[in-house]
Number of protein chains: 2
Amino acid sequence: MSEEEIDFLEGLQNNTVEVQAGVDFVVEGDDRKTTFILIDGWASRYTTLSDGRRQILSFALPGDILGLHINFNAQAHYSATAMNTLKLAVVDPRRILEINQKFPILASGLSWCTAREFAILGDQAVRLGRLPAKARLAHLFLELWHRLELIRENNGKWLALPMKQSDLADTLGLSLVHTNRCIGDLRKSGLITVAKDHIKLEDLDALIRLSDFDPERLAEFSI
Amino acid sequence: MSEEEIDFLEGLQNNTVEVQAGVDFVVEGDDRKTTFILIDGWASRYTTLSDGRRQILSFALPGDILGLHINFNAQAHYSATAMNTLKLAVVDPRRILEINQKFPILASGLSWCTAREFAILGDQAVRLGRLPAKARLAHLFLELWHRLELIRENNGKWLALPMKQSDLADTLGLSLVHTNRCIGDLRKSGLITVAKDHIKLEDLDALIRLSDFDPERLAEFSI
DNA sequence: CGAGGAGTTGAAGCAGGTCAAGCGCTGTGG
DNA sequence: CCACAGCGCTTGACCTGCTTCAACTCCTCG
């Protein structure tokens, strides 16, 4: 990267804002176009059905970008909510276009982010379509654990989970009750230990076998 | 678009190839990097679990691009198969990088494609996570029907479906048997008519209500 | 100390899976 | 030209994973 590029990249993050847990900072149908870089905290991206049920599509972790392609949508296709206190860089999406036009190396970085998001959303579809409930949980835990590892925010076998069980249910396409029972089963069989807002992955191999998780798919996206 | 851009765009499609129905032209784990522009025919993108079960992630229709971000993966994250006879333009993915560096207007077009793919994959996740079986079918039919309309390959209320019921099952995260029964139910309730490789959407409003489909989300991506 | 939110547990019902068999094409080879 | 094989579709019977409804506990916060 040239000095100019580094400057530009840092300039993007000048305008930061703090968002409290539980606040929706993007709302489906919104026509104000903003791109966010998640500096700190976790966010979730979701859509709502007409009867009020939710489907969480993905989680954004520190370093992730939200609304990279918002330039090409008249309005947001999803909502985004803060799972804990966030630090967000607020970016005018026109600067994303500017990157693509003026800074080829940064533009490659954005494409890399896009490829990563695609891989994650594809894995989410596999979870929802083809895994039974317990495997969905294990698969998601492993994904988040590996993603944290990639950004060096991991903590041994412990996995931070700043979310309610109902959020997990809405991510995995399950009912709250069944999600709760499956977590209990995983705990009873010794695969995980549960603590407040954290779980410990006691037996990675067993979780991988249970969920058909492929660590390689994410490993590609190490920095 | 400048003349140079139009020339470049046409040049991309110089090297075309025909693929027979049923042939996998991208295989998961493959490290040969190629980008394809689908000129004619339908393709599906899928992953395989270790026990052999499949999850189809999305369908590619004429005009769609496959492997737009393959530059950033060591190997393909999915397989792609021809559902009927395809005409494919074979593109060196380095030319995609070239577009991003030299042709800002074309690059915007690529981002637009990416935004569209994201929206479609997100809808797929909602189907899989939150819709019951019959609604999944209706929702997918409506998506394909609207996508065909956008590329002007639609034919009234008829929808071409060059796929087996087992492909639908693998798309919608259902068993073949249940897929079959649900199609029968939709037929019996008069919402669709079934013919060889085609169905007719008899009552669009009822299908939309049943599946919570939002036509607006795709309409944005009209050309 | 009471209210409300998150988690937990029980009981009952149903959507969807699995197993199994049969049907009706189409293509192929004797 | 017929026989048979194979594939895609259909149907029946049974089973189970998951949902729903409902109640209760525990914790936190006002």
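Values reported hereafter were calculated over all heavy atoms of this structure, with side chains retained and with hydrogens, waters and symmetry mates removed.
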(message) Can a side-chain donor-acceptor contact be found between B:Y46 and B:D24 if the only test is distance below 3.5 angstrom?
(response)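 The criterion, which ignores hydrogens and geometry beyond distance, is satisfied for B:Y46 and B:D24.
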
Atom [atom1] of [X] and atom [atom2] of [N]: how far apart are they, to the nearest Å?
X: A:H178; N: C:dA11; atom1: NE2; atom2: C1'; value: 16 Å
X: B:R53; N: C:dG17; atom1: CZ; atom2: C1'; value: 11 Å
X: B:I183; N: D:dT11; atom1: CD1; atom2: P; value: 12 Å
X: A:Q165; N: D:dC18; atom1: CD; atom2: P; value: 16 Å
X: B:L176; N: C:dA20; atom1: CG; atom2: P; value: 16 Å
X: A:K164; N: C:dG4; atom1: NZ; atom2: P; value: 16 Å
X: A:D170; N: C:dA6; atom1: CG; atom2: P; value: 12 Å
X: B:D185; N: C:dC14; atom1: CG; atom2: C1'; value: 14 Å

(request) Flag the pair B:R147 and B:D64 as a salt bridge only when some basic side-chain nitrogen lies within less than 4.0 angstrom of an acidic carboxylate oxygen. (result)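 Here B:R147 pairs with B:D64 in a salt bridge, since their nearest N and O are under 4.0 Å apart.
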
(request) From the options D:dC21, C:dG17, C:dC19, select the nucleotide whose nearest atom is closest to the side chain of A:V177. (result)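 Selected nucleotide (nearest to the side chain): D:dC21.
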
(request) Determine whether any donor atom in the side chain of A:R181 lies under 3.5 Å from an acceptor atom in the base of C:dG10, or the reverse, and answer yes or no. (result)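 It does, because a donor-acceptor pair links the side chain of A:R181 to the base of C:dG10 below 3.5 Å.
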
(request) Inspect the surroundings of CD in B:E216 and state if more than 12 heavy atoms from other residues, nucleotides or ligands are less than 6.0 Å away. (result)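 No - once you tally the heavy atoms of other residues, nucleotides and ligands closer than 6.0 Å, there are 12 at most.
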
(message) Counting only heavy atoms not in B:K87 (residues, nucleotides, ligands), do more than 12 fall under 6.0 Å from its NZ?
(response)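 It does not: B:K87 NZ has 12 such atoms or fewer within range.
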
(message) Which is more 5' along DNA chain D, the nucleotide nearest A:K196 or the one nearest A:G173? Just name the residue.
(response)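 Its nearest nucleotide lies further toward 5', so the answer is A:G173.
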
(message) Let me spell it out: for each of B:A133 and A:V194, pick the nucleotide of DNA chain C with the closest heavy atom. Which residue's pick is nearer the 5' end?
(response)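 The residue closer to the strand's 5' end, by nearest nucleotide, is A:V194.
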
(message) For a 4.5 angstrom cut-off between non-hydrogen side-chain atoms, does A:D212 reach B:R53?
(response)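 Contact flag for A:D212/B:R53 side chains = no.
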
(message) Strictly below 4.0 Å: does B:N180 bring a side-chain N or O up to OP1 or OP2 of D:dC9?
(response)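 So the side-chain polar atoms of B:N180 never come under 4.0 Å of the phosphate oxygens OP1 or OP2 of D:dC9.
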
(message) Once you apply a heavy-atom cut-off of 4.0 Å, does A:L174 come out as touching a base, just sugar-phosphate, or nothing?
(response)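 Since only primed, P, OP1 and OP2 atoms lie under 4.0 Å of A:L174, the category is sugar-phosphate.
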
